[in-house]
There are 2 protein chains.
Amino acid sequence: MTEEPPFVLESPSPEEVLRKVAPYLHGTPRYPVVIAGMCTARYEGRASSKAGPAVRIAICKPDGTFILHNAMEKREPTNWNPAPSVQRLRTDGGNLVLVSKRLDVPETVIVTFEDVHAAMVLPRSVGDSRASNAPSAFTISRTHEEMVRYILENPSRIDPSLLPPEGPPERHTEVECGAGIADVVLRDEKGRLVVIEVKRARADINAAAQLKRYVDAFREERGESVRGILVAPDVTKGCEKYLRKHGLEWRRLRPEDVERAEEGPTLDDFLG
Amino acid sequence: MTEEPPFVLESPSPEEVLRKVAPYLHGTPRYPVVIAGMCTARYEGRASSKAGPAVRIAICKPDGTFILHNAMEKREPTNWNPAPSVQRLRTDGGNLVLVSKRLDVPETVIVTFEDVHAAMVLPRSVGDSRASNAPSAFTISRTHEEMVRYILENPSRIDPSLLPPEGPPERHTEVECGAGIADVVLRDEKGRLVVIEVKRARADINAAAQLKRYVDAFREERGESVRGILVAPDVTKGCEKYLRKHGLEWRRLRPEDVERAEEGPTLDDFLG
DNA sequence: CAATGTGTAAAGCTC
DNA sequence: GAGCTTTGCACATTG
């Protein structure tokens with residue numbers, strides 16, 4: 001290997017890419033590889049697709065991930081192979097050909113470059129692991145999980161009738177029933193079971209139907225009267241109609257409300 | 001502008017990127033831009049995230065799409081902004097900073113490069129339009145739509161009791177009801193209405209619940225007995241249980257079965 | 001614009 | 001591994 005990553009080849013010949021890039025793509029360990037150029041692509045697997053000539057960007061990641069992006073548009077790749085997959089480079093009729101194969105299921109992408117504008121090998125670094133001690137810590141907030149926690153800690157802010165969890169809060173979240181796992185299960189001041197389904201985005205009819213399945217399951221299994229509450233920033237019209245029809249309720253909660261509430265001590269903390 | 005796309009800058013200074021790349025990023029028309037290097041990233045919008053230092057690949061597409069990929073792993077980007085969005089480059093404390101903002105909703109990604117391994121501007125080409133006369137035609141097969149068409153053309157292969165569509169097949173597909181739009185609605189030899197829900201992947205309990213909502217709606221609206229059939233390559237255990245509990249049926253059909261059947265004239269075509 | 005459903009969905013988590 | 005849910009889901013289509 002003449003060059004050490006990172007390096008870039010500008011308008012390389014297929015042979016040059018093969019000679020200088022392939023060792024880093026196939027070796028152990030693998031290095032991130034990016035190839036940009038005019039190409040066509042074929043995919044065979046669960047479905048099947050053909051993409052005509054366009055400028056695209058191929059990315060091969062060391063975990064095996066392969067993605068091929070159209071250079072002009074779309075957040076979604078034209079073709080891809082999630083890890084675990086392997087990529088191979090070869091030349092064919094004067095063209096550079098990249099073949100990617102998934103190792104777990106039969107899916108293949110074949111990219112034929114008529115012209116390579118650039119090929120590069122990048123240095124290895126860390127992934128986006130969410131382990132907080134990782135150098136590349138990735139943290140995200142305003143999630144579904146944070147909304148659930150907020151509800152457990154402030155049930156009365158969702159509905160005044162809701163009682164705080166009895167015993168450990170974990171026993172009130174992700175509660176299994178015959179229809180699946182309910183986000184939150186509490187009791188109200190009348191002693192009724194209250195099943196709560198949480199959505200971080202506007203809730204649609206599927207969310208309401210999911211809640212109903214849980215409510216039905218709890219009624220059947222526990223033989224008591226059960227309330228169902230959908231907690232979401234908003235609901236669609238069809239969702240609201242379904243809720244009303246089946247005697248279910250909904251309360252508004254935005255992901256950003258949660259963060260604001262958690263940011264600092266509330267006035268209540270000082271007033272006791 | 002000293003250079004014409006495509007061109008590549010290897011280990012450029014932030015100022016060089018600004019001078020040579022920014023005009024193509026901000027100009028009219030815009031060109032595809034790729035920047036790879038060690039960076040951190042922050043996102044604020046529907047949610048909020050922070051990503052520590054790692055080698056990443058930023059792609060700015062002329063339609064406004066922005067994606068930031070970790071170079072080591074994952075099919076999904078670390079951060080992104082779908083179109084319509086705009087990106088701006090600037091320098092800050094000796095670092096190159098890329099700011100991407102969505103134009104329709106308040107969402108921002110800020111990428112700070114500690115080190116730029118490569119920056120490139122690619123030529124403009126065509127998108128992946130599915131218009132068949134486009135130079136970059138994108139065609140895909142084994143889709144949900146093809147499965148629906150197969151069922152309309154070969155109803156008895158799904159279930160021997162199913163009758164062919166009466167009149168134009170369009171009247172039997174995407175049939176509206178109060179609960180939504182049913183994929184296929186046919187009649188069986190006993191004159192019963194049959195609502196068919198089609199899934200191209202293994203069907204789960206949500207698919208079964210969706211079918212039940214349609215069946216209930218048709219019963220209510222038409223006041224007749226209605227069958228419900230889920231057509232899928234496979235169903236989960238929970239799905240099967242739900243179907244059985246609610247008197248619904250399922251039949252196996254794989255996306256690849258459809259293609260095979262359509263590929264050429266069947267023996268039946270010759271036998272009359 | 002909202003609403004609905006599909007996707008080669010991917011990814012994460014639990015059992 | 002199957003099964004289920006979430007995703008900053010994206011995306012297309014239709015009203």
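In this text, all values refer to a predicted model and were calculated from it rather than measured experimentally. Chain identifiers are assigned alphabetically (A, B, ...) following the order of the sequence lines, protein sequences preceding nucleic acid strands; residue numbering begins at 1 within each chain.
Here the closest non-hydrogen pair linking Met147(B) and Lys199(B) is CE-O, 3.5 Å. Phe66(B) and Cys60(B) get closest at one heavy-atom pair: CD1-SG, 3.9 Å.
Every pair passing salt bridge (Lys or Arg N to Asp or Glu O under 4.0 Å) that includes a residue from residues 55-64 of chain A is listed here, sequence neighbours excluded: Arg56(A)-Asp128(B).
Remark: the backbone N or O of Arg46(B) is paired with a side-chain donor or acceptor of Glu107(B) at under 3.5 angstrom. Without hydrogens or angle criteria, Asn79(B) side chain to Val109(B) main chain gives no donor-acceptor distance under 3.5 Å. In this structure, the side chain of Arg142(A) does not engage the main chain of Val258(A) through any donor-acceptor pair within 3.5 Å. Side-chain atoms of Glu197(B) do not come within 3.5 Å of backbone N or O of Ile229(B) as any donor-acceptor pair.
When the C1' atom is compared between dT6(C) and dT7(D), the two are found 15 Å apart, to the nearest whole Å. The gap from the P atom of dT6(D) to that of dT8(C) amounts to 22 Å, rounded to the nearest Å.
Across the protein-nucleic acid pair, Ile67(A) atom CD1 and dA10(C) atom P stand 13 Å apart, rounded to whole Å. The separation between Glu174(A) atom CD and dC13(C) atom P is 11 Å, rounded to whole Å. Going from atom CG of Asn70(B) over to atom C1' of dA11(C) covers 15 Å, rounded to whole Å. As rounded to whole Å, 12 Å separates atom P of dG5(C) from atom OH of Tyr242(A). What separates CD of Glu146(B) from C1' of dG7(C) is a distance of 14 Å, to the nearest Å. Atom pair Leu103(A):CG and dG1(D):P shows a separation of 12 Å (rounding to whole Å applied). Distance, Arg42(A) CZ to dT8(C) P: 17 Å, rounded to whole Å.
Screening Leu211(A), Asp183(A), Ile196(A), Val148(A) against Val231(A) for a side chain to side chain contact (heavy atoms under 4.5 Å, CB included) leaves a single residue, Ile196(A).
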| field | Letter per nucleotide, 5' to 3', of nucleotides 4-11 of chain D [B base touched, S only sugar-phosphate touched, - untouched; heavy atoms, 4.0 Å] | value | SBSSBSSS
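Within residues 55-64 of chain A, no residue places a heavy atom under 4.0 Å from DNA chain C.
Side chains of Tyr150(B) and Glu146(B): no donor on one and acceptor on the other come within 3.5 Å.
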